[in-house]
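Just below is one structure, and these are the notes that go with it.
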Amino acid sequence: MERYNFKTIEKKWQEKWIKSGVFKSKIDHSKEKFYCLEMFPYPSGKIHMGHVRNYTIGDVLSRYKSLQGFNVMHPMGWDAFGMPAENAARENNLDPKEWTNKNISNMKSQLKKLGLSIDWDREISTCSEEYYKHQQLFFLELYEKGLVYRKENYVNWDPVDKTVLANEQVIDGKGWRSGAVVERKKLNQWFFNISKFSQELLDGLDDLKLWPNKVKIMQKNWIGKSFGCEIAFKTEGDIPVKEIKCFTTRPDTLFGFSFLALSVDHEISKYFLKNKEFQDFKTECSKTGTTEEAIAIGEKIGFKTNLEAINPLNPKQKVPVFFANFVLMDYGFGAVFGCPAHDQRDFDFAKKYGLSIKTVVKPDGEKESFEVKDEAYSGPGVLINSEFLNKLKAPEESIKKTIDILEEKKIGKKKINFRLKDWGVSRQRYWGCPIPMAYDEEGNVVKIPKNNLPVKLPDNIDLNSKGNPLDSKTDWKNFTMNGKKYIRETDTLDTFVCSSWYYLRFCSPDNLKYGYKQEEIDYWMPVDQYIGGVEHAILHLLYSRFFTKAIGFKNNSFKFKEPFEGLFTQGMVCHETYKDQNNNWLSPEEIELVGNQYCKKGDKKNKVKVGPSESMSKSKKNVIDPENIINSYGADAVRLFILSDSPPEKDVQWSDQGMVASFKFLQKLWILHTKIKEKIKNNNNNNSEDKTLQKYTNQMINKITNNLNGFNYNVIIANIYETYNFLNKEIEKKINSKVLKDSYKKILILFSPAIPHFTAECMDELGFIDQIKWPKIDKNLLDEERIDYVVQINGKKRAILKESRDIDQNSLMKKIRSNELSKKYLKDKSINKIIFVKNRLINLLINE
RNA sequence: GCCCUCGUGGUGAAAUUGGUAGACACAAAGGACUUAAAAUCCUUGCCAUUUAUGGAGUGCCAGUUCGAGUCUGGCCGAGGGCACCA
């Protein structure tokens, strides 16, 4: 028998699909649209198994939706700016653009081998001028709307490499490349005013019904809305500032006030800069916080000033003012009122500096004399020791009342605070989108005129220069406009900006005038299903939501509020990890099994330690190269395996045996296909109705449709195996050819989203490839005529009776009484109660 | 510390949403075919004496119910997110 030759068959269909243009998408108002988008990849050079999983999931969905009659758009592009290109180019003495474009063409051909239903006409690359010129225009437009601004902010500064480091490049407080101790340095940087949309971004989450709850909760926590009160504390001391504002969520504990703590960057710190002790303290603070240990221990340190703050509700009480390391400048006002009895952090601080700890809330059920001892109490209760606030219920009633009093006295007011900070978009890097701004000779900020866009990234860059390469590219940096001299902004945009609007660009990738075309956006947006890794749950998704709101707000032209209607976060692909005797990581190809012990290949003495299964990563070498796998087993087999073992939202373990099994399964399926083909040809038109096959097929349509709708793709693969097992037995019987052909056609369509090449070949052989539609469920066939009734006695399953559908309780009881089991379990015992569930079970309660 | 999710055979997992627990697959053991191996096919799956039969059984303890993997409360364990957020 002929083997299934995936190599020729997959290639054949991939070429046919491209030639016929079946995946091309264009506006068609007669059809409902479906925009399916997977997070586009960074062109690192090769695709990895994570991509295979991500894009297979998206492809199954796209193909399924097409078969259902939707007008599907399924595009792909490249998140092509970013540091790896710069690093790789430096190491290999290459141009980042060349490196990136080479990677793109390689990865594109790899993706094509997976047989994805992608409309490649819509391909975009964020590092192309055609893409980033629109991004620069967006930047200017947002700037004009006041949504972009410049301010000084701290960065991680590597004093040896003279460069800014991302947080993940700082390891134990040192630069990853130079090893130098990282400093905090203030730089002027560009910011997007995302915090302006805090409330909107929070409210929008409620509309995202097709998002995982987990992601919505993560975003909600990230935005971090808190209700409270701002209070102005009068201060006494030898500085000109006589008032300090604090934000608090617990104004009701004001009578437990024992100190005021300020961030070292608080504006009044300038009056202490001459003080050497304060300077030392500030240095100390900047050291802690960078190392992970320091954060874990979280030791609280303070610097006591000679200032005193007055309790606004009790002017007789004066407390010391400290600078403290735990107060953040960019939350609230950078100042905290300390109530040690009811806040653990304040408690720790008060213990360390011997400050008073006055209890003002007692838990319900405690005596009036209750006192906080070993730890702060932050739960509910009743106010005590608080004069006119006594006996109020904490927290709701007491907070409300206190705010009323403070507002009345004009000392404070109700306030809502968000944790979400503005988005710093400046990167001191070469390989990114240039920021279209400049500075005149006086240092004033100037926009690059829109008709001068794009500001092109210069070629021939010296990547080995210290600091930002654009800074030393003086012929690019300096320019004249209308006879005046200017200096360009040398920072480039965070690559998250590129990915914040690419879903808009896919709708009209060739539009030269603007980032998108209104008509196309109106039709295609929003993305119906977005699919990607959960690691982007916060930043990328939040930034994209912001961008949609900001651009829509600017142009007042979007019919949608949110970019991604549905979100699916898939799990990672994991593999065991291996280390040799010298603790070096080994890849799966570098080991072999000797007996039941893994050893380094060709070195039997070097025993390999098998570590836990972890997400595939280059650093741990536990990677399987998809290209090798596709070459050995074919795309359909890989798709089958990657979908089969675990639900798509969970991590999946890579298994060589599982992969081989998927491959073998397709071979078996091919044999079955040839048998079925023969049977159909035999044209056996006996009159038997063959309801069994029709019913089974119908049930499978129901199951697979439901499982596709619910993203239970692993169960679909099980359904495919099940169907095979059934057909493989059924085929031995006499079957009406017409019924067989009809059912088999439907079954092939059901299989086709998962294994498209294989089924295309089969359909073609049967001559119906051009007219396929997702099969409909025949409701008349769905209900079985005979049903397995579970007979329980006192809740225990005792028998299963196959009886006709819709049988009533009495008839079923008669059957039970005439049945063997009644003699055994019922005998002469009387039945106290019968629970009868139609078409399902009957439960007889008897006295034992 | 706070928030979220999840605990089902040797393993990955199913379970029409309160109604036959373990579909489907991997691994293992036994068997068939074969001179043999590979490949393929079949059987087994925890405990009790047996292909039949009974019992226990979905992390642990209680509860609701005729009936709980599924609902409620408490505990234990694993994973993830935030991290001095006032």
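The sequence lines fix the lettering, A, B, ..., with proteins before strands; numbering per chain opens at 1.
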Q | Pair of N/O donor and acceptor under 3.5 Å linking B/A86 base with A/Arg345 side chain | A | yes
Q) To the side chain of A/Arg840, which of B/U20, B/C84, B/G19 is closest? A) B/G19
Q. Partner of B/C6 by Watson-Crick or G-U wobble geometry, both contacts under 3.5 Å, or none?
A. B/G77
**Q.** For atom CD of A/Gln344 and atom P of B/G1, their distance in whole Å
**A.** 10 Å
Q) Can you find a side-chain donor-acceptor pair between A/Asn213 and A/Trp211 that sits under 3.5 Å? A) no
Q) Quantified in whole Å, what is the P atom distance between nucleotide B/A27 and nucleotide B/A39? A) 10 Å
**Q.** Span that lies between the P atom of B/A21 and that of B/G57, in whole angstrom
**A.** 13 Å
Q: Please step through side chain to side chain donor-acceptor pair (under 3.5 Å) for the pair A/Ser398 and A/Asp252, ending with a clear verdict.
A: CA-CA 6 Å; A/Ser398 58; A/Asp252 56 330; 2.7 Å; yes
Q: State the pairing partner of B/A62; accept Watson-Crick or G-U wobble contacts with both distances under 3.5 Å, and report none otherwise.
A: B/U72
Q) Can you tell me how far P in B/U65 sits from the matching atom in B/G59, rounded to whole Å? A) 23 Å
Q | Syn or anti for B/G80 (syn when the glycosidic angle lies within 90° of 0) | A | anti
Q. Does a nitrogen or oxygen in the side chain of A/Arg798 sit under 4.0 Å from OP1 or OP2 of B/G55?
A. yes
Q: Quickly work out the A/Glu732 CD to B/C42 P distance and round it to whole Å.
A: 11 Å
Q: Inspect the surroundings of CD in A/Glu243 and state if more than 12 heavy atoms from other residues, nucleotides or ligands are less than 6.0 Å away.
A: yes
Q) Taking for each residue the nucleotide of RNA chain B bearing the nearest heavy atom, is the 5' side occupied by A/Asn712 or by A/Met218? A) A/Asn712
Q: Using Watson-Crick or G-U wobble geometry with both distances below 3.5 Å, tell me the partner of B/A21, or none.
A: none
Q) In Watson-Crick or G-U wobble terms, both distances under 3.5 Å, what is the partner of B/C82? A) B/G1
Q.
Quick check on B/U43: syn or anti? Syn means the glycosidic torsion is within 90 degrees of zero.
A. anti
Q.
Categorize A/Ser226 for me: base, sugar-phosphate, or nothing, with a 4.0 angstrom heavy-atom threshold over every strand shown.
A. sugar-phosphate
**Q.** Separation of the C1' atoms in B/A68 and B/A15, to the nearest angstrom
**A.** 13 Å
Q: Have a look at A/Val534 and say if it touches a base, only the backbone sugar-phosphate, or nothing, with a 4.0 Å heavy-atom cut-off.
A: nothing
Q | Toward the 5' end of RNA chain B, by each residue's nearest nucleotide, A/Ala335 or A/Tyr724 | A | A/Tyr724
Q: Start with the C-alpha gap between A/Glu299 and A/Lys352, add the side-chain angles, then the distance that decides, and say whether salt bridge (Lys or Arg N to Asp or Glu O under 4.0 Å) holds.
A: CA-CA 10 Å; A/Glu299 205 200 341; A/Lys352 177 154 182 172; 2.5 Å; yes
Q: Among the candidates B/C3, B/C84, B/U20, find the nucleotide nearest to the side-chain atoms of A/Phe326.
A: B/C84
Q.
In this structure, how many angstroms lie between the C1' atom of B/A13 and the CD1 atom of A/Ile716, rounded?
A. 15 Å
(Q) Taking pairing as Watson-Crick or G-U wobble with both contacts under 3.5 Å, can you name the mate of B/U51, or confirm there isn't one? (A) none
(Q) For A/Asp806, is there an ion pair with A/Lys838 - N to carboxylate O distance below 4.0 angstrom? (A) yes
Q: Specify the separation, in whole Å, of atom CZ of A/Phe227 and atom C1' of B/A86.
A: 16 Å
**Q.** Euclidean distance, atom CG of residue A/Asp330 to atom P of B/A86 [Å, nearest integer]
**A.** 13 Å
Q: Using a cut-off of 6.0 Å, state whether more than 12 heavy atoms not belonging to A/Lys225 lie near its atom NZ.
A: yes
Q.
Quick check on A/Lys214: does its NZ atom have over 12 non-hydrogen neighbours (other residues, nucleotides or ligands) under 6.0 Å away?
A. no
Q: Return the value, rounded to whole Å, for the distance between atom CG of A/Asp348 and atom P of B/C84.
A: 14 Å
Q) In whole angstroms, how far is the P atom of B/G80 from the CD atom of A/Glu535? A) 13 Å
(Q) Heavy atoms from C-beta onward define the side chain here; which of B/U20, B/G19, B/A86 lies closest to that of A/Val327? (A) B/A86
Q. How far does the C1' atom of B/U49 sit from the matching atom of B/G54, given to the nearest Å?
A. 11 Å
Q.
Between B/G79 and B/C84, how far apart are the two C1' atoms, rounded to whole Å?
A. 25 Å
Q: Would you give a per-nucleotide map of nucleotides 62-68 of chain B, 5' to 3', where B means the base has a protein non-hydrogen atom under 4.0 Å away, S means only the sugar-phosphate does, and - means neither?
A: ----B--
Q. Is any side-chain N of the basic residue among A/Glu230 and A/Lys414 closer than 4.0 Å to the acidic one's carboxylate O?
A. no
**Q.** Span that lies between the P atom of B/A62 and that of B/C26, in whole angstrom
**A.** 39 Å
Q.
Is it true that A/Glu576 and A/Tyr578 share a donor-acceptor pair across their side chains at a distance under 3.5 Å?
A. yes
Q: Sort out the partner of B/U40 for me: Watson-Crick or G-U wobble, both distances under 3.5 Å, none otherwise.
A: B/A32
Q: For B/G18 and B/A25, measure between their P atoms and round to the nearest Å.
A: 29 Å
Q: Please assess A/Ile755 against A/Leu666 for the test side chain to side chain contact (heavy atoms under 4.5 Å, CB included), listing each intermediate value before the final yes or no.
A: CA-CA 9 Å; A/Ile755 43 172; A/Leu666 288 183; 4.0 Å; yes
Check nucleotides 22-30 of chain B for protein N or O atoms closer than 3.5 Å to its own N or O atoms and list the pairs.
unit_1: B/A25; atom_1: OP1; unit_2: A/Asn725; atom_2: ND2; d: 3.4

Q) With distance as the sole criterion, is a donor-acceptor pair present between the side chains of A/Ser226 and A/Asn417 under 3.5 Å? A) no
Q: Kindly say if A/Lys421 contacts the phosphate of B/C85, meaning a side-chain N or O under 4.0 Å from OP1 or OP2.
A: no
Q. Can you tell me if the side-chain N/O atoms of A/Lys796 get under 4.0 Å from OP1 or OP2 in B/A56?
A. yes
Q | Aromatic A/Trp670 / basic A/Arg3 pairing, under 6.0 angstrom, 45° off normal | A | no
Q) Taking it one step at a time, do A/Asp645 and A/Asn714 satisfy side chain to side chain contact (heavy atoms under 4.5 Å, CB included)? A) CA-CA 6 Å; A/Asp645 259 20; A/Asn714 56 325; over 6 Å; no
Q: Select one nucleotide: of B/G81, B/U20, B/A83, the one nearest the side-chain heavy atoms of A/Asp788.
A: B/U20
Q) Once you round it to whole Å, what is the distance between P of B/G18 and CZ of A/Phe836? A) 20 Å
Q) Do A/Lys300 side-chain and B/C84 base share a donor-acceptor contact under 3.5 Å? A) yes
